[in-house]
Protein chains: 2
Amino acid sequence: MREGIPRRPTIIDVAAKAGVSKSMVSLVMRGSSDVREEKRRLVLEAADALGYRPNAVARSLVRRRTNMLGVVLSDLHNPFFTEVIDGIEAEAEDRSYRTIICTASRQSSAERRALDTLLELRADALILASPMIEMDAIARASAEVPVVLVARPSDSEAIDSVANDDPTGAALVVDHLVALGHRRIAHVDGGGGAGAAARSAGYVQAMQRHGLDAHVRVIPGSYTDEGGRQGVAALLASGERPTAIFVANDLAALGAMSELAERGLRVPDDMSLVGYDNTSLAAVRHISLTTVDQPRPQMGRQAVTLVLERLTRDRTTSRHILIPPRLVVRGTTAAPAVR
Amino acid sequence: MREGIPRRPTIIDVAAKAGVSKSMVSLVMRGSSDVREEKRRLVLEAADALGYRPNAVARSLVRRRTNMLGVVLSDLHNPFFTEVIDGIEAEAEDRSYRTIICTASRQSSAERRALDTLLELRADALILASPMIEMDAIARASAEVPVVLVARPSDSEAIDSVANDDPTGAALVVDHLVALGHRRIAHVDGGGGAGAAARSAGYVQAMQRHGLDAHVRVIPGSYTDEGGRQGVAALLASGERPTAIFVANDLAALGAMSELAERGLRVPDDMSLVGYDNTSLAAVRHISLTTVDQPRPQMGRQAVTLVLERLTRDRTTSRHILIPPRLVVRGTTAAPAVR
DNA sequence: GTGAAAGCGCTAACAT
DNA sequence: ATGTTAGCGCTTTCAC
């Protein structure tokens with residue numbers, strides 16, 4: 001004779017066992033100071049004996065807040081995001097909020113479901129580290145709870161953002177490569193990824209500024225390993241071979257690197273390569289990728305700060321934090337081979 | 001005049017607007033078929049007009065189940081875990097469960113908090129991809145909800161597990177290296193990480209089987225990049241230099257690789273190197289690490305299957321899935337240099 | 001088919 | 001300092 005749903009001890013069971021009211025138990029569980037030491041002990045003992053655990057679901061219902069920050073994570077496999085999460089969790093912990101993560105495998109449909117889940121779960125605020133999702137879904141969410149976008153600029157009044165200045169970052173890359181003597185600099189873009197269009201535009205503009213209009217070449221890619229591989233493949237399949245490739249992010253640059261190696265092209269001897277993000281991957285000795293740094297954990301912390309300002313200090317005007325990017329030169333860039 | 005907590009439309013608001021009872025709205029929202037088409041339309045329109053979103057908190061409270069699978073994730077930065085998550089999410093989605101993740105930065109205190117959070121949130125079942133947490137905390141959790149351990153063997157009746165056979169995996173590594181001609185094979189272990197002790201023991205036993213007792217050398221490390229670096233540093237600081245190193249996992253092997261490079265040792269020319277897990281990292285062309293494969297997504301799927309068996313089919317006896325490991329030979333192992 | 005009513009486990013006034 | 005009471009927003013009998 002089993003029940004489908006086993007009952008766990010409730011506040012009432014504890015109250016009965018301790019011989020007090022349930023308000024008493026509630027007070028004790030929440031660490032109230034104005035309760036007599038003796039009662040506190042009684043309650044704690046009863047709770048312990050029963051294996052009582054407060055039901056956050058019930059608490060959230062009555063308090064109408066969950067004390068949870070919901071994070072929509074576009075791509076669990078991209079170190080950029082996991083490093084942003086580090087900052088989010090650290091800051092959330094400091095402010096005694098819990099963080100819960102829903103991931104999305106880089107598909108906008110999955111991101112929308114993750115968003116809906118978090119909204120139904122009544123997360124108090126949302127942090128979207130999620131390039132792909134459509135802006136109007138985000139706008140609708142922001143009508144319900146504070147929302148902040150990470151690594152994707154926003155100009156909406158309702159939605160905060162913390163991002164880096166992508167066009168400037170792209171320009172740093174082009175400037176660096178031009179200074180090394182490169183002229184045929186191609187760009188494998190990030191497809192629909194957040195900031196991809198801005199990086200691409202920055203690249204084009206910088207190329208033009210250097211009078212290299214004729215060498216502008218943008219190849220469609222994505223923010224993944226595979227995107228980089230295919231971008232390089234497409235790049236080498238036709239047209240004059242460039243001497244340098246600026247890939248939309250580190251992960252894709254890694255794919256590009258593998259693809260180049262498989263085709264017998266050495267980096268940087270035959271081809272210079274630059275990524276974006278400065279993830280831990282780029283710093284790995286055997287990869288040693290020249291890239292553009294975004295301060296990932298700091299961006300995570302700021303994201304939390306922004307939504308909590310709306311939540312606890314009722315800020316209603318938007319804040320958009322734009323971080324200046326920084327070039328990190330490593331081993332994948334060099335002067336082009338003399339022809 | 002603002003309210004501290006903005007009110008969102010409830011089922012009652014929708015009912016009022018649609019001119020029906022809230023039971024009606026409830027039926028419609030849950031897609032019941034026995035409600036007249038006209039009413040359904042009315043309700044749906046009202047809901048849409050109000051921007052109504054069902055409150056999962058309230059639903060969970062009354063249903064006494066949340067339809068959520070809680071995942072405690074030890075280390076977001078280790079691709080092994082994120083690849084396990086892929087499988088978890090895929091299977092959960094197939095069974096229409098939602099997945100929520102709490103991470104723990106590889107500290108057992110953080111893991112315990114993640115566990116508590118998920119339990120208070122009343123996740124219907126728990127998947128622990130969490131090496132460090134103490135067994136008795138897990139045991140207590142398993143009294144409340146079904147729990148499955150991933151990548152960490154369990155022999156408890158109350159706790160399921162899906163793991164690979166670590167001693168055998170370690171033996172595969174030693175056999176491979178011995179076959180290449182290595183004798184001085186050292187092991188940088190995984191510290192307190194799950195399976196670390198078993199891998200280490202497997203290494204020792206395999207070495208003994210090959211009559212290499214005298215060359216057994218275990219250096220303390222951890223399942224991180226840093227663990228591998230320090231392990232190599234310690235290894236080279238004293239004693240006779242080995243010709244091969246078996247590192248506890250891929251992430252640590254990557255750290256080991258960097259450390260070796262910085263000391264001017266070439267892999268595999270001067271030193272063979274083997275990792276464990278066969279994460280995507282190991283497959284990266286510039287890393288090309290010889291390692292032991294664990295079928296990560298499949299393990300994730302099985303973990304979900306196991307807890308759902310307990311949840312929906314009331315299985316009460318334990319199931320412990322042990323997966324045979326498989327050696328993946330890549331570019332970091334070769335015959336030792338002739339001396 | 002639809003509505004009324006009784007909770008789910010907790011917190012937050014309000015009494016005392 | 002402690003108990004009583006009225007919900008939080010929903011699902012679920014049970015009537016009609």
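Sequence lines set the chain letters: A, B, ... in the order given, protein chains first and strands last, and positions in each chain run from 1.
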Report the distance from atom [atom1] of [X] to atom [atom2] of [N], rounded to the nearest whole Å.
| X | N | atom1 | atom2 | value |
| --- | --- | --- | --- | --- |
| A:Asn55 | C:dT11 | CG | C1' | 13 Å |
| B:Ile11 | C:dG7 | CD1 | P | 19 Å |
| A:Asp34 | D:dG3 | CG | P | 13 Å |
| B:Asn67 | D:dT11 | CG | P | 12 Å |
| A:Arg65 | C:dA12 | CZ | P | 10 Å |
| A:Arg122 | D:dG9 | CZ | P | 9 Å |
| A:Arg53 | C:dC10 | CZ | P | 12 Å |
| A:Met29 | C:dC10 | CE | P | 9 Å |

Does any part of the side chain of [Y], heavy atoms only, come nearer than 4.5 Å to the side chain of [X], both counted from C-beta?
| X | Y | answer |
| --- | --- | --- |
| A:Val147 | A:Ile138 | yes |
| A:Pro54 | A:Arg59 | yes |
| B:Leu119 | B:Leu126 | yes |
| B:Val71 | B:Phe81 | no |
| B:Ser60 | B:Arg122 | no |

First of B:Arg36 and B:Ala58 reached from the 5' end of DNA chain C, by closest nucleotide: B:Arg36
Can you find a side chain N or O atom of [X] that sits less than 4.0 Å from OP1 or OP2 on [N]?
| X | N | value |
| --- | --- | --- |
| B:Arg7 | D:dG9 | yes |
| A:Arg63 | C:dA12 | yes |
| B:Arg59 | D:dG9 | no |
| A:Arg64 | C:dT11 | no |

Heavy-atom closest pair, residues A:Ala46 and A:Val14: CB-O, 3.9 Å
Closest heavy-atom pair and its distance - B:Arg301, B:Gly87: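 So the minimum-distance heavy-atom pair works out to CG-O, 3.4 Å.
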Out of D:dT2, C:dG9, D:dT11, whichever nucleotide has its closest atom nearest the side chain of A:Leu27: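 Nearest listed nucleotide: D:dT2.
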B:Leu61 side chain, from C-beta outward: closest of C:dT2, C:dG9, D:dT12: C:dG9
Strand contacts (DNA chain D) in residues 12-25 of chain B, 4.0 angstrom heavy-atom criterion: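 B:Lys22, B:Ser23 - these, ordered by number, are the residues of the stretch whose heavy atoms sit under 4.0 Å from the strand.
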Residues B:Asp13, B:Arg7; criterion salt bridge (Lys or Arg N to Asp or Glu O under 4.0 Å); working and verdict: CA-CA 11 Å; B:Asp13 301 322; B:Arg7 257 182 56 87; 3.5 Å; yes
Angle between terminal axes - the helix from C:dG1-D:dC16 to C:dT16-D:dA1, 5 pairs each end, rounded to 10°: 40°
A:Asp124 versus A:Thr66, side-chain donor and acceptor atoms under 3.5 Å: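 There is such a pair between these side chains.
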Contact nearer the 5' end of DNA chain D, comparing B:Val57 with B:Arg30: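 Closest to the 5' end, via its nearest nucleotide, is B:Val57.
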Option from B:Arg315, B:Arg319, B:Gln302 for which side-chain hydrogen bond (donor to acceptor under 3.5 Å, both in side chains) with B:Asp160 holds: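 Only match with B:Asp160 under side-chain hydrogen bond (donor to acceptor under 3.5 Å, both in side chains): B:Arg315.
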